[in-house]
Amino acid sequence: MDWKNLERELIALRRDFHEYPESAWTEFRTSAVIASRLSGLGYELSMGLDNIDVPSVMGRPDEAEIDRQIERSKAQLPRGGAESAGFIDKARRYPGVVGILKTGREGPVISLRFDIDCVDVDETTAPEHRPNKEGFASVNACLDHSCGHDAHAAIGLGLAEVLASRKSELRGSIRLIFQPGEEGCRGAYAMTQKGVVDGSDYFLSMHIGIGVPSGSFGLNSYGHLCTTKFDVEFTGRPAHAAAAPQEGKNALLSAATAAISLQAIAPHSDGSMRVNVGTLFAGTGRNVIAGRAVMKAETRGETQEIADYVYKRACEVVNGAAAIYATEAKITMMGFGTNADGDAALAATAGEAVRELGVFRKILDNVPAGGSEDATWMMRRVQEGGGQALYMVLGSDIAAPHHNGAFDIDESVMINGVRALYAIIDKLLKSEGK
Ligand SMILES: [Zn+2]
Ligand SMILES: [Zn+2]
């Protein structure tokens with residue numbers, strides 16, 4: 001393998017994904033680029049709707065917005081991307097790709113998951129920010145790959161290339177799952193319910209950064225928080241603010257009361273929890289009693305029990321805030337993530353492989369996750385089916401925190417991410433054969 005050449009390819013791919021970031025359920029261009037490459041490498045493809053259990057989909061934009069996003073993604077396809085345009089139509093209005101490499105030889109099923117969506121945040125315009133300096137900043141307003149999923153997609157494609165070039169040395173089959181909508185925990189559940197990881201003996205996923213510096217590798221990321229993402233729509237009644245305020249029902253005050261009171265949910269003695277109201281829009285005009293307010297919020301807990309407790313209390317608070325001002329609250333779940341523990345045996349095998357590889361200065365056994373992650377649905381499903389699962393961390397120095405518009409990764413670590421994943425797959429196949 002020409003690793004130097006692959007490294008250049010990874011950087012070019014990552015920069016291409018970075019320039020055209022796509023939010024949850026609209027990753028049509030990203031998926032088409034991935035599919036086009038995988039098919040060129042000889043992977044069996046399963047695209048879009050084929051990988052999605054529609055009743056399990058949460059937090060997807062409405063059909064008119066999907067239409068707009070499909071048009072936008074087609075216009076942004078790489079030059080000479082006619083073939084890729086076919087991939088967008090094949091996906092039937094849902095993003096995401098699963099590429100399967102069948103070796104034709106007996107062996108385990110190994111599934112790997114790469115998330116491909118961006119964050120809903122504006123990228124900084126600061127001239128020292130490398131994407132600005134080197135001309136690959138986001139062209140899509142209020143969208144930015146500030147969680148490093150551009151690197152995840154590139155690493156997945158890099159691994160696809162290595163695996164394809166060494167197919168004759170492999171056994172069993174390998175599934176590369178490119179998942180839409182990780183942000184807000186929206187995509188993994190619908191894919192899992194469709195069975196994309198069913199029958200897997202091993203499941204691997206990996207995140208770049210998250211507090212681990214360049215040159216380090218985390219074998220087992222633990223403690224993902226169980227989470228529920230939800231929208232609240234308060235409906236009241238607009239009225240003249242001076243002439244007839246008594247005839248109005250104030251949705252703005254309901255929402256504001258809810259936003260503040262949600263922060264007062266009592267903590268739980270069994271472990272940590274979080275509540276956040278991320279957006280709140282209300283009202284139409286200065287002299288009008290606000291008839292409508294919309295809020296995006298989330299709750300999290302260290303265990304499923306704590307997460308259930310805090311979400312249940314949040315619903316009670318929202319309904320209470322509606323009752324105070326005689327408005328109505330409609331709560332819609334927009335995403336959810338659970339927790340899952342990595343398998344110690346798989347972590348040990350991965351540790352052996354990564355140590356032998358010798359490209360990391362420091363290998364950490366356990367890394368606290370800090371946030372939430374919906375790959376946990378896939379991990380659980382694989383474990384329930386008798387397989388083993390692991391969530392790892394590829395260390396990278398970062399220019400700013402995740403989900404901040406000045407976030408940037410250390411591109412030089414990506415190649416070692418590919419090498420680590422390949423080494424682990426190789427080790428698994430060899431140790432199975434013993
Ligand atoms: Zn993120
Ligand atoms: Zn992320």
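Just follow the structure's listing: the first ligand is 1, and inside any ligand the first atom is 1.
Side chain to side chain, Glu123 and Ser138 fail the donor-acceptor criterion of an N or O pair below 3.5 Å. A donor and an acceptor atom, one from each side chain of His268 and Glu305, are nowhere located under 3.5 Å apart.
Proximity of the aromatic rings of His402 and Phe407 is defined here by a centroid distance below 6.0 angstrom, and this criterion is met. Between Tyr311 and Phe230, the gap from one ring centroid to the other is short of 6.0 Å.
Residue contacts to the Zn ion (ligand 2): His152 brings no N, O or S atom closer than 2.8 Å. For the Zn ion (ligand 1), the N/O/S atoms of His403 include one lying under 2.8 Å. The Zn ion (ligand 2) lies under 2.8 Å from an N, O or S atom belonging to His149. Look at Cys147 and the Zn ion (ligand 1): an N/O/S atom of the residue is under 2.8 Å from the metal.
A cation-pi contact, defined as under 6.0 Å to the ring centre and within 45° of the axis, links Arg60 to Tyr94.
Among the heteroatoms counted here (N, O or S) of His207, NE2 is the one nearest to the Zn ion (ligand 2). The atom of Glu183 that is an N, O or S and sits closest to the Zn ion (ligand 1) is OE2.
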